[in-house]
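For reference, the structure is listed below as structure tokens.
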Amino acid sequence: MAITSTTTYTAKLTDGPLEGTTISTEFLDSGDPRPRLEISAASGSKHYLYVRSSSIEFASDDALDDRPSAVEYRYLEAVFD
């Protein structure tokens, strides 16, 4: 059984208004990557909704950690407050 030690991972935003951006985010309490991310826009009157895609990366230098080091997210929509 692998030991889990990582508490955050890199979310890669692959398209939409934040395409090419990476952010650090925490795993869910269950240890899984978040299924969706809500990211506030600079204007403050809206936020962007991104959903997890199937692309997941694991750090090859940490064989003891069973959590991914990076997960890709796809743009879904802008939500206005």
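Throughout, residue positions are numbered sequentially from 1 according to the sequence presented. Computed from heavy atoms alone, side chains included, the values below leave out hydrogens, waters and symmetry copies.
- Considering all non-hydrogen atoms of both residues, Ser69 and Ala59 come closest at OG-N, 3.3 Å.
- Listed by first and then second residue, the salt bridge (Lys or Arg N to Asp or Glu O under 4.0 Å) pairs involving residues 22-32 amount to none (not counting sequence neighbours).
- Thr25 contributes atom OG1, which lies 5.5 Å from atom CG of Leu37 (distance to the nearest 0.5 angstrom).
- Ser40 pairs by the side-chain contact (heavy atoms from CB on, under 4.5 Å) definition with nothing, not counting sequence neighbours.
- Members clustered with Leu76: Leu49, Val51, by chain and number, using a 4.5 Å side-chain heavy-atom cutoff among hydrophobic residues.
- To the nearest 0.5 Å, atoms CG (Leu18) and OG1 (Thr22) are separated by 11.0 Å.
- Sorted by first and then second residue, the pairs that involve residues 6-34 and meet ring-ring contact (aromatic ring centres under 6.0 Å, His included), not counting sequence neighbours, are Tyr9-Phe27.
- Glu19 CD to Arg74 CZ: the interatomic distance, rounded to the nearest 0.5 Å, is 9.0 Å.
- Residue pairs meeting the salt bridge (Lys or Arg N to Asp or Glu O under 4.0 Å) criterion with at least one member in residues 36-53, sequence neighbours excluded, are Arg36-Glu38.
- Legend: residues meeting side-chain contact (heavy atoms from CB on, under 4.5 Å) with Tyr75, ordered by chain and number and at least two apart, are Asp15, Pro17, Tyr48, Tyr50, Ala78.
- For Thr14 (side chain) and Tyr73 (main-chain N/O), a donor-acceptor pair under 3.5 Å exists by modelled atom type.
- For the atom pair Arg67 CZ and Ile56 CD1, the distance stands at 13.0 Å (nearest 0.5 Å).
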